[in-house]
Amino acid sequence: MGCKKSNNQGDNSLADLKSRGVFVLGLDDAFPPLGFRNDDNEIVGYDIDLAKEVSSRLGVQFKAQPIDWDAKEMELNTGKIDCIWNGFTITADRENALSFTTPYLNNAQVLVVRTDSNIKQLSDMKGKIVGLQSGSSAQEAVDGNESFSSSVKEKVLFEDNISALNDLDIGGVQGIVMDSVVANYSIVQTRKPFSIISEPLSNEAYGVAFRKSDVLLRDEVQKILIEMQKDGTVTKISNKWFGRDISVISSK
């Protein structure tokens, strides 16, 4: 996936970034543990730590730029940000429009329910209300699963997963489809009575996305990520956020 070598004559993306001196990362700032605001309103997370180190090795400053996730591709293509790096799922359609690194984390779209509910498998959501983040791969996973999508009573779209989980907590929806990485972290951190249904709606992988023309910048970021994996930096960051190394960065 992604990171295909090509003839890049006329691609000034890497030189332009170094000339500007700032690497601007576009993100949803309510997506723990990849990118979110801590109690001091600082944007932190696994992806943020990776990107800060990449920026340092590029010799530029780092800037986290919150964006409307529904308009993420537009924010990138109009030049407001340099990349989308925040649990961004690699799909065939997105690869046609953007330049992705190879995957750095594996993920799945899963159903989160209240532990005290009678929902034990996907089919138990028949006639019930499911919530999901607007413009997310969760929305694509639900729409792509015809049997699940047609069985639910209603699909409610939320601006972010935190809002969706809060609605699940008060019983507004009976289930949330979301990223397993985020779901597991949120359940541990909040200690709310949520469970993850073992049957996933889809399996996927995260990559860093750049403009289609910005291949040289994409390749340089990929090269640095591989170096960070080899020298133990990625393992250290992964242990900080997940308690173990779950990275899938490789040179392949």
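In what follows, every heavy atom counts, from backbone to side chain, and hydrogens, waters and symmetry copies are set aside. Predicted model only: the values in this text are computed from it and were never measured. When a residue number appears, it is its place in the shown sequence, counting from 1.
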**Lys120 atom NZ, over 12 foreign heavy atoms within 6.0 Å** = yes
**Request:** Start with the C-alpha distance between Asp70 and Ser134, add both sets of side-chain angles, then the distance that settles side-chain hydrogen bond (donor to acceptor under 3.5 Å, both in side chains), and finish with yes or no.
**Result:** CA-CA 7 Å; Asp70 261 341; Ser134 177; 2.8 Å; yes
**Request:** For residues Asn118 and Asp124, determine if any side-chain heavy atom of one lies less than 4.5 Å from a side-chain heavy atom of the other.
**Result:** no
**Prompt:** Does the side chain of Phe23 reach to within under 4.5 Å of the side chain of Leu17, using non-hydrogen atoms?
**Reply:** yes
**Prompt:** For the side chain of Asn107 and the backbone of Tyr206, is there at least one donor-acceptor N/O pair under 3.5 Å apart?
**Reply:** no
**Request:** Could you go through the side-chain hydrogen bond (donor to acceptor under 3.5 Å, both in side chains) check for Gln109 and Glu204 one step at a time?
**Result:** CA-CA 8 Å; Gln109 291 301 323; Glu204 56 191 36; 2.7 Å; yes
**Message:** Looking at Lys72 and Asp68, would you say the former's side chain and the latter's main chain have a donor-acceptor pair under 3.5 Å?
**Reply:** no
**Message:** Determine whether a donor-acceptor pair (N or O, by modelled atom type, separation under 3.5 Å) exists between the side chain of Asn106 and the backbone of Ala205.
**Reply:** no
**Message:** Students often mix this up, so state it plainly: with edges at 30° and 60°, are the rings of Tyr104 and Tyr46 parallel, tilted or perpendicular?
**Reply:** parallel
**Asked** If you count the non-hydrogen atoms of other residues, nucleotides and ligands that lie under 6.0 Å from NZ in Lys128, is the total more than 12?
**Response** yes
**Asked** Would you say Asp40's side chain and Glu42's backbone share a donor-acceptor pair under 3.5 angstrom?
**Response** no
**Message:** Closer than 4.0 angstrom, basic N to acidic O: yes or no for Lys236 and Asp245?
**Reply:** no
**Asked** Is the side chain of Gln139 donor-acceptor paired with the backbone N or O of Gly135 at a distance under 3.5 Å, no angle test?
**Response** yes
**Asked** Looking only at atom types and distance, does a side-chain atom of Arg37 sit under 3.5 Å from a main-chain N or O of Ala30, one as donor and one as acceptor?
**Response** no
**Message:** Centre-to-centre under 6.0 Å for Phe100 and Phe210, is that the case here?
**Reply:** no
**Request:** On the 0 to 90° scale, with breaks at 30° and 60°, tag the Tyr185-Phe36 ring pair as parallel, tilted or perpendicular.
**Result:** tilted
**Prompt:** Is the shortest side-chain N to carboxylate O distance from Asp231 to Arg57 below 4.0 Å?
**Reply:** yes
**Asp11 side chain near Ser213 side chain, heavy-atom distance below 4.5 Å** = no
**Prompt:** Taking the side chain as C-beta and beyond, is there a heavy-atom pair between Asp219 and Val221 under 4.5 Å?
**Reply:** no
**Prompt:** Do any N or O atoms from the side chain of Ser137 and from the backbone of Glu140 form a donor-acceptor pair under 3.5 angstrom?
**Reply:** no
**Message:** Looking at Thr89, is its backbone amide N or carbonyl O close enough to the side chain of Arg94 to form a donor-acceptor pair, meaning the two atoms are under 3.5 Å apart?
**Reply:** yes
**Asked** Do NZ/NE/NH1/NH2 and the carboxylate oxygens of Arg20 and Asp82 come within less than 4.0 Å?
**Response** yes
